[in-house]
There are 2 protein chains.
Amino acid sequence: MSVNACICDRLDHPPSPYYRLAMTAAGKHQVSRAQTRGSRQGRAGIRDVAAAAGVSITTVSDALNGKGRLPDATRRHVREVADRLGYRPSAAARTLRTGKSGLIGLTVTTYGDEPFTFTEFAYFAEMARAATSAALARGYALVILPATSRHDVWSNVALDGTVVIDPSDHDPVVTELVRQGLPVVSDGRPAGTLPVTAWVDNDHEAAVLDLLDHLADAGARRIGLLTGTTTDTYTRLSTTAYLNWCERVGQDPVYEAYPAHDPCAGAVAADRLLARPDRPDAVYGLFDPNGTDLLAAARRYGLRVPDDLLLVCCSESTVYANTEPPITTLSLKPRRIGTAVVQLLIDAIEGVDTDGPVEQVIPTELIVRTSSQRRSPRTTVSPPRSPAKE
Amino acid sequence: MSVNACICDRLDHPPSPYYRLAMTAAGKHQVSRAQTRGSRQGRAGIRDVAAAAGVSITTVSDALNGKGRLPDATRRHVREVADRLGYRPSAAARTLRTGKSGLIGLTVTTYGDEPFTFTEFAYFAEMARAATSAALARGYALVILPATSRHDVWSNVALDGTVVIDPSDHDPVVTELVRQGLPVVSDGRPAGTLPVTAWVDNDHEAAVLDLLDHLADAGARRIGLLTGTTTDTYTRLSTTAYLNWCERVGQDPVYEAYPAHDPCAGAVAADRLLARPDRPDAVYGLFDPNGTDLLAAARRYGLRVPDDLLLVCCSESTVYANTEPPITTLSLKPRRIGTAVVQLLIDAIEGVDTDGPVEQVIPTELIVRTSSQRRSPRTTVSPPRSPAKE
DNA sequence: CGATCATGCAGAAACGTGTCTGTCAACGCG
DNA sequence: CGCGTTGACAGACACGTTTCTGCATGATCG
């Protein structure tokens with residue numbers, strides 16, 4: 001007690017280095033308390049508001065949160081006093097009391113040592129943007145949490161739920177989260193028996209089949225695939241869809257796989273694909289940079305696009321609208337996916353009865369450009385400002 | 001013990017008001033504890049671990065946090081029991097008690113209604129990735145918080161500090177954060193008297209001057225600029241640097257400005273720039289998509305790159321390595337910026353004495369490719385700083 | 001051999017909020 | 001006039017952790 005008084009007294013004078021040492025060593029705790037309490041610089045608490053407004057803590061809480069039954073006069077008065085004091089409720093205390101933090105995790109499974117995959121930049125960025133928008137429109141904020149991050153980070157943040165992008169089979173992080181009772185919504189249909197609350201995905205098989213049909217319609221006789229060596233769901237489903245299509249139409253599969261997280265390997269693999277003796281006359285690249293890589297490789301081999309080689313790649317980038325020639329792309333609609341994932345997650349968090357299915361399939365969009373149209377009727381110079389070709 | 005068992009039994013039945021009265025009246029602390037804790041679905045707390053290990057709460061806390069003075073045997077025992085119970089400390093409680101949440105905000109100033117700007121995707125994605133890596137390497141997680149988000153979101157998350165990307169003059173969010181005593185580190189030199197804790201930035205003027213010299217060295221006589229209509233620091237500094245350079249070398253400025261957040265407007269502006277009567281023979285585009293836009297526009301007007309038109313744009317995208325021709329780009333090194341910003345912020349949070357300056361300038365990198373080399377006898381990389389400065 | 005000290009651990013006070021419970025006054029009604 | 005009812009508010013507890021203080025128990029030293 002006397003110690004407190006002593007230190008408080010000292011605080012009234014400019015603290016010398018000696019005092020600071022003494023403080024941190026001895027009564028650091030009490031001091032900060034006296035600081036925050038004594039209407040000093042520390043943030044004002046609900047008690048200060050109650051005292052300043054001449055009401056009880058309950059009344060302040062009810063007035064600010066719109067609960068209880070209070071006359072409007074009291075409510076307004078409290079609000080005004082709170083504003084005047086610059087009162088901000090402590091998020092930590094509120095979270096502790098209510099059990100809701102207003103935070104949802106955005107988890108990205110990684111393949112290298114980086115938090116998220118390089119080749120999925122455009123997709124991830126668009127998806128994250130949409131997810132962020134959707135989340136904060138409903139009063140939530142997003143926390144970026146790579147699946148391979150240190151464990152203490154995971155346990156140090158209070159999450160109401162998590163979005164998992166493309167979880168791997170039996171993802172330990174996901175199972176741990178579910179075990180804790182947290183809602184988990186995945187972007188990408190969960191493999192195996194991963195117990196997610198809900199998931200959103202494209203129909204990758206249908207998209208690939210559709211795309212291959214489109215190429216075949218354009219005159220392709222042997223369609224090649226540029227795919228990845230990773231085992232994520234997207235790569236796996238797309239590749240098997242390709243193989244199935246090949247079997248159906250009786251074409252020998254022609255594909256090259258490369259580690260998708262390595263940006264240089266893509267160019268090499270594209271080159272390899274076009275250097276094969278059974279060179280394809282059309283190629284679909286699963287990853288974003290494949291378009292320019294394939295275009296460059298085609299140029300090296302003197303192949304004209306689309307005359308000698310039809311080209312399609314999966315990308316969200318707008319650069320393919322202005323390449324020479326413009327390249328047909330498959331869009332996975334990351335904006336719609338990000339929005340849907342967050343909506344589903346928040347519905348689960350807030351206990352909204354999801355009478356609908358907890359699985360949601362977002363349609364893909366094939367943006368047809370010159371690179372996949374063998375004989376376009378006009379080869380004239382296209383008008384300057386036409387965002388959509390044909 | 002018998003009391004606990006009794007109440008646990010009763011909890012299996014719907015509790016009557018009488019029991020609840022009796023409980024709250026009689027056994028205050030212990031009873032409610034037994035109520036919430038009776039090894040039911042709720043997560044195990046530190047008390048459960050203490051009870052199961054036969055030690056006190058203090059011992060558990062000290063053992064798990066590596067504090068206090070405990071024999072290794074006790075420490076190991078407690079750890080093991082905690083693991084067995086699946087104990088995870090409550091982040092909210094810890095934050096409330098310690099005042100540190102381990103969360104840092106990643107704030108993006110926006111120009112439209114979207115959380116972050118479209119044209120800065122690649123830059124933002126790289127920067128965010130590096131920032132995320134750096135943060136979690138030091139035990140922190142990142143929260144995405146657009147500056148224009150609802151106020152309740154801001155006050156609902158306990159932040160230890162914030163990174164602000166390119167804050168506008170007198171940003172109300174930043175001043176509010178600083179007023180709360182939170183460390184704020186900005187990516188981009190703060191305009192006006194914005195009281196940030198530290199900032200990291202490129203030397204945009206030097207980068208632009210260097211780049212223009214490079215173009216002039218390659219033979220450019222009239223260099224045009226594709227810039228934005230927004231007033232952010234990057235656009236402003238780059239544009240004035242261009243104007244200053246023009247004045248210095250006695251060239252009439254030739255530039256077109258467009259709303260950078262509109263992806264279509266860029267193509268139109270590029271076209272407009274090349275359609276001018278005083279058509280430039282070299283162009284620098286400030287934004288990422290300008291490269292492909294300018295290339296497409298040049299093609300429409302029958303201009304060969306680099307023979308008739310030299311091209312440089314500011315971009316982090318790798319597609320420009322494989323365009324026809326490859327385009328010289330200016331990289332702002334977002335990875336280094338993201339890392340530096342987070343390091344500075346965490347240093348400030350943890351009170352590390354920053355003996356060094358709180359301002360950090362990251363050098364840019366001009367990646368010279370074919371598009372800016374008029375007549376290159378060979379593909380030697382020209383040194384960044386050309387000796388012929390004047 | 002008693003005083004001192006280091007050691008190992010338990011008790012309890014906060015952190016700041018939400019909310020359950022209870023009190024006091026006013027009021028309508030028989 | 002008494003009594004149940006309702007409105008407006010205050011008191012107090014609990015969320016789960018960290019940490020300061022304090023009490024034992026043995027060991028060490030004067």
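Proteins come first, then strands; the chains are lettered A, B, ... in the order of their sequence lines, and each starts at number 1.
Distance His77(A) NE2 to dA8(D) P: 16 Å, rounded to the nearest Å. Rounded to a whole Å, the CD1 atom of Ile46(B) is 11 Å from the P atom of dT19(D). Atoms CZ (Arg97(A)) and C1' (dG16(D)) sit 12 Å apart, rounded to a whole Å. If you take NZ of Lys100(B) and C1' of dC15(C), they are 14 Å apart, rounded to a whole angstrom. Protein atom CG of Asp62(A) is 8 Å distant from nucleotide atom P of dT19(C), rounded to whole Å. Atom CG of Asn156(B) is separated from atom C1' of dG16(C) by 14 Å (rounded to the nearest Å). The CG atom of Asn65(B) sits 7 Å away from the P atom of dT19(D) (whole-angstrom rounding).
Residue Arg75(A) comes nearest to Gly66(A) through the heavy atom pair NH1-CA, 3.4 Å, listed as atom of the first residue, atom of the second, then distance. Contact between Ser90(B) and Leu96(A) at its shortest, heavy atoms only, is OG-CD1, 4.3 Å.
Using a 4.0 Å cut-off between charged side-chain N and carboxylate O, Asp347(A) and Arg138(A) make a salt bridge.
Across all strands, Ser61(A) comes closer than 4.0 Å to base atoms (heavy-atom distances). Heavy atoms of Ile57(A) sit nowhere under 4.0 angstrom from any nucleic acid atom. At the heavy-atom level, Arg69(B) lies under 4.0 Å from base atoms of the strands shown. As judged by a 4.0 angstrom heavy-atom cut-off over every strand, Leu70(A) is placed among residues touching the sugar-phosphate backbone only. No engagement by Thr95(B) is indicated, since no non-hydrogen atom pair under 4.0 Å with the nucleic acid exists.
Residues satisfying the side-chain hydrogen bond (donor to acceptor under 3.5 Å, both in side chains) test with Ser61(B), not counting sequence neighbours, are none.
If you check dG8(C), dT17(D), dG16(C) against the side chain of Ala93(B), the one that comes closest is dT17(D). Here the side chain of Arg47(A) is nearest to one of dT17(D), dC15(C), dT19(C), namely dC15(C). Among the nucleotides dG18(C), dT17(D), dC9(D), the one closest to the side chain of Arg94(A) is dG18(C). When each of dT17(D), dC9(C), dG18(C) is scored by its nearest atom to the side-chain atoms of Ser56(B), the top-ranked nucleotide is dC9(C).
The side chain of Lys67(A) places an N or O atom within less than 4.0 Å of a non-bridging phosphate oxygen (OP1 or OP2) of dT19(C). OP1 or OP2 of dC9(C) has at least one side-chain nitrogen or oxygen of Thr74(B) nearer than 4.0 Å.
In the interface, the side chain of Thr58(A) is not paired with the base of dG18(C) through any donor and acceptor atom under 3.5 Å apart. Not a single donor-acceptor pair, N or O on each side, falls under 3.5 Å between the base of dG8(C) and the side chain of Thr59(B).
Place Leu96(B) and Gly54(B) on DNA chain C by their nearest nucleotides, and Gly54(B) ends up nearer the 5' end.
For the atom pair Asn156(B) CG and Leu136(A) CG, the distance stands at 12.5 Å (nearest 0.5 Å).
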Worked check of side chain to side chain contact (heavy atoms under 4.5 Å, CB included) between Leu70(A) and Thr59(A)
CA-CA 8 Å; Leu70(A) 303 175; Thr59(A) 307; 4.0 Å; yes
Residue pair Lys100(A), Glu350(A): steps toward the salt bridge (Lys or Arg N to Asp or Glu O under 4.0 Å) verdict:
CA-CA 10 Å; Lys100(A) 297 295 172 197; Glu350(A) 296 181 348; over 6 Å; no
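Over its full length, the helix from dC1(C)-dG30(D) to dG30(C)-dC1(D) turns its helical axis through 60°, comparing axes from the five pairs at each end and rounding to 10°.
Applying the salt bridge (Lys or Arg N to Asp or Glu O under 4.0 Å) definition to pairs two or more places apart or across chains, those involving residues 175-187 of chain B are Arg88(A)-Glu176(B), Glu176(B)-Arg179(B).
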